[in-house]
Asks: 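For reference, the structure I am asking about is given below.
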There are 2 protein chains.
Amino acid sequence: MSKQALPVFPAGEQCCAPMVREPLGEQDAGELARMFKALSDPVRLRLLSLIASFEGGEACVCDLTGPFEVSQPTISHHLKVLREAGLVGSERRGTWVYYWVIPAALNRLSGLLHAPTPVPAAANSGT
Amino acid sequence: MSKQALPVFPAGEQCCAPMVREPLGEQDAGELARMFKALSDPVRLRLLSLIASFEGGEACVCDLTGPFEVSQPTISHHLKVLREAGLVGSERRGTWVYYWVIPAALNRLSGLLHAPTPVPAAANSGT
DNA sequence: GACTTGCATCGATGGATGTCGATATGGCGA
DNA sequence: TCGCCATATCGACATCCATCGATGCAAGTC
């Protein structure tokens with residue numbers, strides 16, 4: 001293993017070693033847990049997905065309250081959680097507030113979860 | 001209990017379209033939220049990482065109670081949560097119970113979170 | 001069979017979380 | 001300035017969750 005030249009990630013590659021390679025430290029675990037917690041609610045997952053799927057990659061809150069069966073304050077609360085977790089950004093433009101996803105944050109989590117390979121080792125003997 | 005008949009993807013392929021491509025359905029969101037909720041605790045994240053990092057890809061509970069400052073019942077509880085989320089498997093061998101991660105589950109979440117690219121368009125930089 | 005060890009389950013508890021209605025704030029138009 | 005619309009915040013409430021000690025259960029060991 002020559003340790004020269006740190007790898008440069010070509011467009012969307014992961015930034016961090018997968019958590020299956022080496023044990024997470026307490027600090028990293030705490031920070032990552034906070035991000036995953038933001039993803040641990042069905043409404044927030046759908047919100048995130050909906051925002052990212054919108055044309056232009058952003059949506060105003062007025063577009064987000066319709067598809068859900070929860071109240072407007074609840075949507076606002078969930079958006080705040082997503083924002084404070086660093087998963088989305090927001091900006092006010094005149095009357096409306098727009099939200100967009102932050103790809104780097106999602107890709108960080110994605111890279112972290114990536115498991116090397118379907119591991120052919122033992123223990124595949126069912127349960 | 002014949003749980004896993006999950007298809008095995010050739011090294012890192014994802015099974016599902018990223019959630020940033022099209023809005024998640026209610027049902028998918030509910031299932032995925034349950035998996036992310038299992039990842040939303042620092043102890044569980046470290047447990048998962050620790051199990052995967054062990055030689056052979058599996059660890060017995062006796063190896064997992066030491067590195068944490070929580071009680072043995074709490075570790076057992078967290079392992080149950082991870083198992084019921086489909087993220088790890090377990091098996092009793094004599095006196096000890098062994099746990100291992102299920103790569104397909106992690107890769108599913110990984111593929112789902114993957115964002116296409118750091119999006120260059122964006123008239124809105126900052127914040 | 002009695003004792004020991006490894007792990008799971010139980011019941012309790014304090015704190016976190018999702019949800020709501022009411023209300024505040026900020027911006028726009030008349 | 002007044003009123004309306006779009007969002008955020010507040011306070012309250014019910015539920016969920018992480019954690020613990022006590023206890024139960026399974027598998028070795030003597």
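Lettering follows sequence order; numbering is per chain, from 1.
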Asks: Using a cut-off of 4.0 Å on non-hydrogen atoms, how would the nucleic acid contact of A:R44 be classed: base, sugar-phosphate, or nothing?
Replies: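 Sugar-phosphate: the residue A:R44, judged by heavy atoms under 4.0 Å, touches backbone atoms but no base.
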
Asks: Let me spell it out: for each of A:H78 and B:T65, pick the nucleotide of DNA chain C with the closest heavy atom. Which residue's pick is nearer the 5' end?
Replies: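 Its nearest nucleotide lies further toward 5', so the answer is B:T65.
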
Asks: With rounding to the nearest 0.5 Å, note down the distance linking CE in B:M35 to CG in A:L113.
Replies: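 It comes to 9.5 Å.
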
Asks: If you compare every side-chain N and O of B:T74 against the phosphate oxygens of D:dC20 (OP1, OP2), does one of them come in below 4.0 Å?
Replies: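 Checking B:T74 against D:dC20: at least one side-chain N or O falls below 4.0 Å of OP1 or OP2.
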
Asks: Tell me the interatomic distance from A:W96, atom CH2, to C:dG26, atom C1', rounded to whole angstroms.
Replies: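 Going from CH2 in A:W96 over to C1' in C:dG26 covers 14 Å.
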
Asks: Measure CD1/A:I75 against P/D:dT9 and give the value in whole Å, please.
Replies: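 Roughly 15 Å, once rounded to whole Å.
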
Asks: Given B:V61 and B:W96, is the side-chain contact (heavy atoms from CB on, under 4.5 Å) satisfied, shown in steps?
Replies: CA-CA 7 Å; B:V61 180; B:W96 298 278; over 6 Å; no

Asks: Go through C:dT19, D:dA22, C:dG6 for me and flag the one nearest to the B:P73 side chain.
Replies: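 The answer is D:dA22.
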
Asks: Distance check needed: C:dC7 C1' versus B:I51 CD1, whole Å only.
Replies: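 Whole-Å distance recorded here is 14 Å.
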
Asks: Does B:K37 put a side-chain nitrogen or oxygen below 4.0 Å from OP1 or OP2 of C:dT17?
Replies: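 For B:K37, the contact criterion (side-chain N or O under 4.0 Å from OP1 or OP2 of C:dT17) is not met.
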
Asks: D:dA6 base to A:Q72 side chain: any donor-acceptor pair below 3.5 Å?
Replies: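 Side chain to base: no pair present.
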
Asks: Please report, rounded to the nearest Å, how far the C1' atom of C:dC28 is from the CZ atom of A:R93.
Replies: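 Spelled out: CZ on A:R93 to C1' on C:dC28 is 17 Å.
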
Asks: Where the side chain of B:V70 is concerned, which of C:dA8, D:dT7, D:dC20 is the nearest nucleotide?
Replies: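 The listed nucleotide nearest to B:V70's side chain is D:dC20.
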
Asks: Check whether any side-chain heavy atom of A:E91 lies under 4.5 Å from a side-chain heavy atom of A:W100, and answer yes or no.
Replies: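 Yes, side chains in contact.
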
Asks: Using a cut-off of 4.0 Å on non-hydrogen atoms, how would the nucleic acid contact of A:Y99 be classed: base, sugar-phosphate, or nothing?
Replies: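 If one applies the 4.0 Å heavy-atom cut-off, A:Y99 turns out to touch the sugar-phosphate alone, with no base involved.
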
Asks: Hey, are the side chains of A:V88 and A:L79 touching, using non-hydrogen atoms and a 4.5 Å cut-off?
Replies: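 With C-beta onward as the side chain, the pair stays apart.
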
Asks: What nucleotide, of C:dG18, D:dT7, C:dA8, holds the atom closest to the side chain of A:V97?
Replies: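 Nearest to the side-chain atoms of A:V97, counting from C-beta on, is D:dT7.
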
Asks: Quick one: A:L39 CG to C:dT17 C1', roughly how many Å, whole number?
Replies: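 From A:L39 CG to C:dT17 C1': 16 Å.
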
Asks: If you check the A:S71 side chain, which of D:dT7, C:dC7, C:dC20 turns out closest?
Replies: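 Within the option list, the nearest is C:dC20.
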
Asks: How long is the line joining CG of A:L64 and C1' of D:dT7, in whole Å?
Replies: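 Result: 12 Å.
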
Asks: So which one's nearest nucleotide on DNA chain D is more toward 5', A:T95 or B:G94?
Replies: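 Between the two, 5'-proximity favours A:T95.
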
Asks: Could you tell me how far apart B:Y98 (OH) and C:dA8 (P) are, to the nearest whole angstrom?
Replies: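 Rounding to the nearest Å, OH of B:Y98 and P of C:dA8 are 13 Å apart.
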
Asks: Would B:R92 pass as a cation-pi partner of B:Y98, given that its NZ or CZ must be under 6.0 Å from the six-membered ring centre and within 45 degrees of the axis?
Replies: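 Here B:R92 fails the 6.0 Å and 45° test against B:Y98.
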
Asks: Taking CD from A:E91 and C1' from D:dA6, how many angstroms apart are they, rounded to a whole number?
Replies: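 In whole Å, D:dA6 C1' and A:E91 CD are 16 Å from each other.
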
Asks: At under 4.0 Å between heavy atoms, what does B:H77 touch on the DNA or RNA strands: base, sugar-phosphate, or nothing?
Replies: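 Contact class for B:H77: base.
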
Asks: Among C:dA8, D:dT19, D:dA8, find the nucleotide with the atom closest to the side chain of B:V61.
Replies: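 Given the options C:dA8, D:dT19, D:dA8, the side chain of B:V61 is closest to C:dA8.
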
Asks: Check whether any side-chain N or O of B:D41 sits under 3.5 Å from a backbone N or O of B:R44 as a donor-acceptor pair, and report yes or no.
Replies: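 Yes, because the side chain of B:D41 sits within donor-acceptor range (under 3.5 Å) of the backbone of B:R44.
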
